[in-house]
Every structure is written in C-alpha cells, then in structure tokens.
Q: 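Sharing a structure here in structure tokens format.
In each ligand, atom 1 is the first atom listed, and ligand 1 is the first ligand listed.
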Amino acid sequence: MKEIILAKVGETALKGLNRKVFEDMLIKNIKRKIHKLGRFEVVSSQSTIRITPLDDDIDMDDTAEAVGKVFGIVAYSRACIAPKDLDEIKRCAAEYLADIFEDNVSFKVESKRSDKKFPYGSPEISKEVGSYLADTFPNITVDVHNPDYTVTVEVRDFAAYIHANVVEGAGGLPVGSGGKAAILISGGIDSPVAAYMIAKRGVELTAIHFASPPYTSDRAEEKVKTLLEYVSDYSGRMIMYTVPFTRIQEEIQKNCPEELFTIIMRRLMMNISNRIAEQNGCQALITGESLGQVASQTIGALACTDEVAAMPVFRPLIGMDKKEIIAIAHKINTFETSCLPYEDCCTVFTPKHPRTRPKLDLVRKAEAAVDWEEMINEAVENVKVTKIGE
Ligand code: ATP
Ligand code: MG
C-alpha cells in the first residue's frame, strides 16, 4: 500500500513574512537528508509538508527515521493514500490499519476536511469510518477520551490520507535559518551535545578541534570525527578544522605560571577559534562549558576567556547538570564514543591547582611573557580540513 509522510512544521518559526523562507529551507534540508534513500516529491501545502516516495522500493522505516532527525519538524506521521471517495477511504483505512487492529486496542477517528468540496463533513467522515472499522475488527473498541490509537483522516486537495501514529519530530528550527557558528569540539561528552543544541536552533555548524600530537593521538582525532558524524545526522554536513596546537601548549608550559596554564591555553584557543570562525563567515563561537563543572568554567574563568573573543560566545549547556547532558548524549548516540579514553589537549599539561578565580590583569601579564602572534598565525595557516557528513 502506498505510504507517504506528513510532517508538521513548528508554528512559531512560520509566523509572518519569514514563513516562506523557513519552509523552503526546511524542504531543502528534508530533501538533502533523504535523497540517498530514493526519489521523493517534497512539497508544502496547508501547513503540512508532504513527502511522497516516487520509487516503489523505498524503505519507509528508514525514511521516517531520517525525517525524525530534521530540525524544524515538530511532529510527523506515516500515512496511506486513499482516493477521495468515502467507501475507498473506509476500505483503505481497514487495510492500512489491519496489523495494529488485530489486537485488543481502543481507538477513535478524527477527520479534517480541508477540501470543502468533499460531500461529507468531518463528523460524518469520522462516524462512517469509525463504524466500518469497528465492524471489520471484532477486537477493537471505541474510546473517545483515552484511545490507544487516534485514526486521523485528512481529506486534502488531491487525495485523502489516513494515519494512526503521530510521532514527535526533532523540533527546533531548520538548520541554516539561524546563521552560522563555530563549535569548539573536544572528544568529551559535553561539546557534541552543545553542537546538537545550537544546530537545533537553526544554526549551521563549522567545527574547530585543537590537537597536540604527539601528546594527543590520531585516535583522539578520529574519535572527534566520529562524534561530529553523529551530530551531522541532525545538523547536516560541516567542515572540521583541526588546529595544530602542540607548539603553543609547550610554550605556555615553558613560560607561564603553572596555575594559569589552563586559562591561558583557553584564551589562546578562543583567539584562534575567533580567527577561523571569522574567515568562515561564522557569527558566534559555541562551547560545551557548564557553570562550575571544572576550574576553567567558573564565572570568573569564563569572563577571562571571553575577553579575547570578538564575537559572542554561546554555551548552550551553561545551566545543565551532567546527568541532563548525558541524557541528550544518549539520545544523539554520542555517549559511548565520548567515553572512549583518549587524551584531549585540554588534559595534557593540566596544573595540579588551577586558579578558579583568575584575575584578568594577572592573566594578561603572564600571557605577555610570550609573543604569541606568530604562533597563532602558524596554527591558523596550518589547520587540517576535514569534511563531515554527506
Ligand atoms: P567536553 O566534555 O566537551 O570535553 P569538558 O567538560 O570536558 O567538555 P573542558 O575539557 O574543560 O570541559 O572543555 C570545555 C570546552 O572547551 C569543551 O566543551 C569544548 O567546547 C572546548 N574544548 C575542550 N577541548 C577542546 C579541543 N581539544 N578542541 C576544541 N575545543 C575544545
Ligand atoms: Mg573535554
């Protein structure tokens, strides 16, 4: 039986003049996400996006799963297509729902008639289809208040659609509608989650990763790529810039007071990230920091790192507990990879007693012991470029 997917768009994004822009972007993102599964028609009509497979052998389980990862869709359903004739609608409903209605389940029917030329009103359609289903399947019962299944019949322009399963979508806004930002990505649990959260608000991503070989290994960089592949399942493709950071870290260690290693390193990371972000048309920097999680994530320390960034620094996890962050990491599949035990450049040369309340003037003074400009330029010029996602 021919199935399609009906996707509901988040209403708030679609208010006013931006509606068309958002919708076009969402349709483009859906097409990009499902094109490898076969040929589809993706069109918007009457505040629903209709995704129709054009090839016979398309796997609709895979299609539904892919659509469920597109930001900007609040809910979606798989539906069967019926001709616009009440008897046909009844017959198609019974055939389409036969599997779930073999069991003792309760149901109700709701109808929407956007084609006002259809000769039956919504209550009549619901009543007719409901009685037909109850007669056809002896095990099922009607329950209008708390049914196991709400069968929905939508009579639209060219056909009627029948479904019984509205699934929650990925939510958020279409990626690309909110500009572009650079995520500072480590191999940890937090930064991939931060990347996902900011992409959810419609932001296209560029990724920046600092590597310090031989202190950090190739496997650590591979791990970051794997994490970004998972994120790109939602955010769409992105470029990852790997910054060679060894020389800078060694110079910090040689020339700066130990308790300020981390904060100075983070300021240099921000400085370099800001430059790479600017070169790539990004408007903000994103990190996976959460208030008070470690010494470099106190208000004072964050203020110290922010001072070197010319663009806004967003930290979507700032008010979240580790447990809440881990729940999202599980949801987006990154948790297990994040737990692989490879060194990050942030964990080499860590001071025993890092300053939790660094004084900005002292940090600046300690930092001034070295002329960083040439090393920063060298790092920015030698970034490695990797494509993530399809
Ligand atoms: P995560 O779990 O994301 O690694 P964390 O709690 O371990 O975070 P830190 O190691 O202090 O915290 O890093 C804080 C933030 O700094 C990270 O969330 C990330 O945004 C950024 N960061 C850390 N290491 C790197 C790196 N090697 N390259 C790029 N950004 C990094
Ligand atoms: Mg980390």
Side-chain angles (χ1 to χ4, degrees), residues 181-199 205-213 215-225 227-228 230-231 238-246 248-249 252 261-277 282 284-298 301-302 304-306 308-309 313-326 328-330 332 334-351 354-356 358 379-380 383-384 386:
I183 171 77
L184 278 72
I185 183 100
S186 71
I189 295 169
D190 304 330
S191 43
V193 171
Y196 160 85
M197 285 176 68
I198 216 77
L205 298 177
T206 288
I208 302 174
H209 174 64
F210 290 81
S212 291
Y215 307 105
T216 60
S217 63
D218 285 348
R219 285 193 305 181
E221 199 185 322
E222 279 305 315
K223 174 184 173 183
V224 174
K225 277 191 222 160
L227 291 170
L228 288 174
Y230 286 122
V231 171
M238 68 181 105
I239 301 285
M240 166 181 166
Y241 295 95
T242 305
V243 183
F245 204 43
T246 316
I248 289 178
Q249 282 201 288
I252 298 173
F261 280 0
T262 310
I263 197 78
I264 291 174
M265 178 195 69
R266 299 198 65 79
R267 281 165 61 91
L268 285 155
M269 282 172 118
M270 277 291 173
N271 185 325
I272 292 171
S273 299
N274 196 88
R275 295 191 196 198
I276 297 172
C282 297
L285 298 173
I286 316 298
T287 79
E289 289 158 315
S290 154
L291 199 60
Q293 201 185 73
V294 287
S296 62
Q297 298 177 22
T298 61
L302 296 178
C304 250
T305 41
D306 276 10
V308 293
V313 182
F314 294 144
R315 301 181 168 89
L317 313 186
I318 198 71
M320 289 172 75
D321 290 349
K322 199 75 186 185
K323 206 174 140 201
E324 295 165 320
I325 299 168
I326 287 175
I328 301 178
H330 279 297
I332 64 171
T334 52
F335 185 75
E336 276 181 29
T337 306
S338 288
C339 289
L340 296 172
Y342 309 134
E343 287 283 1
D344 180 57
C345 70
C346 277
T347 48
V348 295
F349 309 136
T350 40
R355 271 282 151 83
T356 52
V380 173
V383 291
K384 188 170 110 194
T386 311

Q: Looking only at distance, does Q293 have an N or O less than 3.5 Å from an N or O of ligand 1?
A: yes
Q: Flag G288 as yes when one of its N or O atoms lies below 3.5 Å from any N or O atom of ligand 1, and as no otherwise.
A: yes
Q: Please say whether I185 places an N or O atom under 3.5 Å from an N or O atom belonging to ligand 1.
A: yes
Q: Check whether more than 12 heavy atoms from other residues, nucleotides or ligands sit under 6.0 Å from atom CG of D306, and answer yes or no.
A: yes
Q: Against heavy atoms of C346, which atoms of ligand 1 measure under 4.0 Å?
A: 10 (O), 23 (C), 24 (N)
Q: Could you tell me whether the side chain of D344 and the main chain of C346 form a donor-acceptor pair under 3.5 Å?
A: yes
Q: Does any N or O atom in P192 lie less than 3.5 angstrom from one in ligand 1, N or O only?
A: no
Q: Taking atom CD1 of I326 and atom CG of D190, what is their separation to the nearest 0.5 Å?
A: 8.5 Å
Q: Out of all atoms in ligand 1, which are within 4.0 Å of some heavy atom of T287? Include the element for each.
A: 20 (O)
Q: Within a distance under 4.0 Å of any heavy atom of I208, pick out the atoms of ligand 1 and give their elements.
A: 29 (C)
Q: Just by modelled atom types, is the M320 backbone N or O under 3.5 Å from a matching donor or acceptor in the S290 side chain?
A: yes
Q: Does a donor on one side chain sit under 3.5 Å from an acceptor on the other, for R275 and N271?
A: yes
Q: Have a look at ligand 1 and work out which part of S191, if any, has a heavy atom under 4.0 Å from it: side chain, backbone, both or neither.
A: both
Q: Go through ligand 1 atom by atom and flag the ones less than 4.0 Å from a non-hydrogen atom of C345.
A: 27 (N)
Q: Say whether G187, considering both its backbone and side-chain N or O atoms, lies within less than 3.5 Å of an N or O atom on ligand 1.
A: no
Q: Which of the atoms in ligand 1, numbered in the order shown and given with their element, are less than 4.0 Å from a heavy-atom of Q297?
A: 6 (O), 9 (P), 11 (O), 12 (O), 14 (C)
Q: Can you tell me how far the CE atom of M269 sits from the NE2 atom of H209, to the nearest 0.5 Å?
A: 8.5 Å
Q: Could you list which atoms of ligand 1 come closer than 4.0 Å to a heavy atom of I189?
A: 2 (O)
Q: Using a heavy-atom cut-off of under 4.0 Å, does the side chain or the backbone of D190 touch ligand 1, or both, or neither?
A: both
Q: Which one holds for V243 and ligand 1: side chain close, backbone close, both close, or neither close, with close meaning a heavy atom under 4.0 Å?
A: neither
Q: For E222, which residues count as a salt bridge (charged side-chain N to carboxylate O under 4.0 Å, His left out) partner, sequence neighbours excluded?
A: K225
Q: To the closest 0.5 Å, what do you measure between CG (L268) and CD (Q249)?
A: 9.5 Å
Q: Below 4.0 angstrom from a heavy atom of H209, which ligand 1 atoms are there? Numbered from 1 as shown, please.
A: 26 (C), 27 (N), 28 (N), 29 (C)
Q: Keeping the roles fixed (side chain from T216, backbone from C345), state whether a donor-acceptor pair exists under 3.5 Å.
A: no
Q: Please work out which of E289, R266, R315, M269 has its closest non-hydrogen atom nearest to atom 13 (O) of ligand 1.
A: R266
Q: Locate the shortest heavy-atom distance separating L227 from S338; write the atom from each residue and the value.
A: CD2-OG, 3.4 Å
